[in-house]
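Inspection log for the structure reproduced underneath, given as structure tokens.
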Number of protein chains: 2
Amino acid sequence: MASIKDVARLAGVSVATVSRAIAIPEKVSEKTLKKVNDAVALSGYRPNLLARNFRSSRSFCIVVMVPDITNPFFSQVIKAIEDRAQQRGYAVLLGDTRDQNSREQEYVHRVETRLADGLIQLRPNEIHVDGDPLPIVYACGCENVPNCSVTIDNTLAAKKVVDYLVSLGHTRIGCLTGLRENPHSMERLAGYRQALEAAGLEYSEQYVSEGDFTLGSGQDAAKKIMCQAKPPTALFCMSDQMAMGAIQALQAQGVQIPQQVSIVGFDNIAYAEFWHPTITTVSQPAEEMGKRAVDMLVSIIEGKEFTHESKILPTQLIVRDSSGAAPKDPA
Amino acid sequence: MASIKDVARLAGVSVATVSRAIAIPEKVSEKTLKKVNDAVALSGYRPNLLARNFRSSRSFCIVVMVPDITNPFFSQVIKAIEDRAQQRGYAVLLGDTRDQNSREQEYVHRVETRLADGLIQLRPNEIHVDGDPLPIVYACGCENVPNCSVTIDNTLAAKKVVDYLVSLGHTRIGCLTGLRENPHSMERLAGYRQALEAAGLEYSEQYVSEGDFTLGSGQDAAKKIMCQAKPPTALFCMSDQMAMGAIQALQAQGVQIPQQVSIVGFDNIAYAEFWHPTITTVSQPAEEMGKRAVDMLVSIIEGKEFTHESKILPTQLIVRDSSGAAPKDPA
DNA sequence: CTGTTAGCGCGTTCAA
DNA sequence: TTGAACGCGCTAACAG
């Protein structure tokens, strides 16, 4: 593989001139520029960016850590991140961490060892890093993180969902959560409780069923929560995938949706509006969060200012066909 | 940030000894090893892998180029790739190329400039690279590529689908393709034609409608193909997403599936078995292709042998509820 | 405008 | 077992 030396020899100039001709062509005479360009073309020279990065102590690479890339919501965010990062001159290293701390640490390590300039954390958990602070931005997470973050108000969003269900006349409102220790679950559950309280409805653990945001867990949680004496007439599901699972499981039992049970999801993934029935859900600004996270991270990396700025983006309740008025005489 | 020099000074040894203590601790006396380890801990030293990579001319990073990360099939493959790559000591650079050659070239460039050791191409198109050949493996693509590849027999898979529909008594079988110039479309269309011919059915452009593998395009293509005098009683869709769109669009028009029209998809993405109705489809071994692609690529990178090995993995027709016997008196 | 020199942090000689 | 010296490819400082 041709190196800068070969080009210099071929062009009959010094390596410094070649370097300049490539980086700042306007500071090189027309004649030598041509010689260099010819030599580059002739030798098929490609600058060794490994060397350049080493010299500049920069990798122009950012890590994005995600619990599960196959979750459509995350893949949407990641697409936006990749797009923006590319525009800003950065490549994206994919860290599918499967919610495992050990995997996260490996990627954090890449930043510590300079293989990446910074990191975007999509999992709503704080990253533990001993030693110097790293350029980290949290996206799609929760509010109470020490670093920069761009997220939504999960509590408020959940509250709006339950308010809406209450306005439809529902009084027995169930909740399908992610893992209970997940910050998203906790914040949204808080919103759920607040809304119940505001409506004068009692909170009961009977009406809360734990899943893990996946479709399969939505099926299981829905089945479990519905087999009791006075089952809910509405279910607030903390992800669209769980809502899909819930709908599927209930329909399989012959339950009419929304006539007998209303279902509301969260995320507004692309499939939500094509499901049968179409799913009422909370829309998160996925692209916007991805783009902003990149911009924040890049400004930290390039400015080296560790701000604590935290941006809360608005959500929107999208009403579709999976929710409706409470049944007159619930089972 | 502490460098190897700092550690050497702190431990009262040379940098070479520090380097050795870290890379090959058994070749260092117990006493100095301890001194070095203490110094490392004290200084919070992290080896600068940028420097190490530069020295070894390796980045331990592979690029995966994908047309669209939000396509669930691809995200499944990528998850497998990330997992395997991590095991093998490589990180994955995400290249969402949106089917644009210019974006592809940027990522190819990263390999040429050593920022990545190799590349996995998920788009079924050949990569043009002038200059020295690069470590490239094609996955989920087609058969006729010059490099290593791991893929399926698209023609055969499509043929099996149509054979199956014929066996159900369908004689007017439509086809919803991806972009016509897409190699997947071409190979699967060939299989479609072969099966028609084998069954003594005539091929007609009237029964072929172009989309781009997305759900929305499936809706449009389905609507278009169904509004003719003798519409198909079965549709072979070249992706599950198009099948979902087709089902959605036809149901919206009051068409019963599969009683009036049978629908078959391709890919067997996770949602296919939860759709309403559940979708008959061709299962591709997504994880297997991802894992194998990584293994092939790593062996090329580390062995530097550019084999032309090409592995064809089997597919499976999964019959579900979206397909059934041809109607007795089609509209 | 151009060439010479030096050094980024590391791994690898070669001697001691 | 250890240390001194070198060089990977590139860019920045300085001198010419």
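Heavy atoms only: backbone and side chains are in, while hydrogens, waters and symmetry mates are out. Lettering of chains follows the sequences in order, A, B, ..., and the numbering in each one begins at 1.
The pair D38(B)-K34(B) counts as a salt bridge, with a side-chain nitrogen and a carboxylate oxygen less than 4.0 angstrom apart.
When each of dA4(D), dC10(D), dG3(C) is scored by its nearest atom to the side-chain atoms of A16(B), the top-ranked nucleotide is dA4(D). For T32(B), taking side-chain heavy atoms from C-beta onward, the closest of the listed nucleotides dG11(C), dG9(D), dT2(D) is dT2(D). Comparing dC10(D), dC8(C), dG3(C) by their closest approach to the side chain of I4(A) singles out dC10(D). Residue S14(A) places its side chain closer to dG3(C) than to any other of dG3(C), dC10(D), dG9(D).
Here V13(B) lies in heavy-atom contact (under 4.0 Å) with sugar-phosphate atoms only. R52(A) comes within contact range of the sugar-phosphate backbone alone, with a heavy-atom separation under 4.0 Å but no base atom that close.
The phosphate of dC8(C) has OP1 or OP2 within less than 4.0 Å of a side-chain N or O from K5(B). A sub-4.0 Å separation between OP1 or OP2 of dT2(C) and a side-chain N or O of S29(A) is present. Regarding contacts with the backbone of dC10(C), every side-chain N or O of S19(B) stays at 4.0 angstrom or more from both OP1 and OP2. The side chain of T17(B) places an N or O atom within less than 4.0 Å of a non-bridging phosphate oxygen (OP1 or OP2) of dG3(D).
The nearest whole Å value for the distance from the CZ atom in R9(A) to the P atom in dC10(D) is 13 Å.
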Taking it one step at a time, do D99(A) and R123(A) satisfy salt bridge (charged side-chain N to carboxylate O under 4.0 Å, His left out)?
-> CA-CA 8 Å; D99(A) 272 332; R123(A) 185 189 181 201; 2.8 Å; yes
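Interface remark: the R55(A) side chain does not form any donor-acceptor pair with the dG9(C) base, using a distance-only criterion of under 3.5 Å. Taking only distance into account, the side chain of R114(B) never meets the base of dG9(D) through a donor-acceptor pair shorter than 3.5 Å.
For the pair K27(A) and L49(B), nearest-nucleotide mapping onto DNA chain C gives the more 5' position to K27(A).
Cation-pi geometry between R88(A) and Y90(A) is not satisfied (NZ or CZ under 6.0 Å from the ring centre, within 45° of the ring normal).
Looking at E82(A), its side chain does come within 3.5 Å of a backbone N or O of D96(B) through a donor-acceptor pair.
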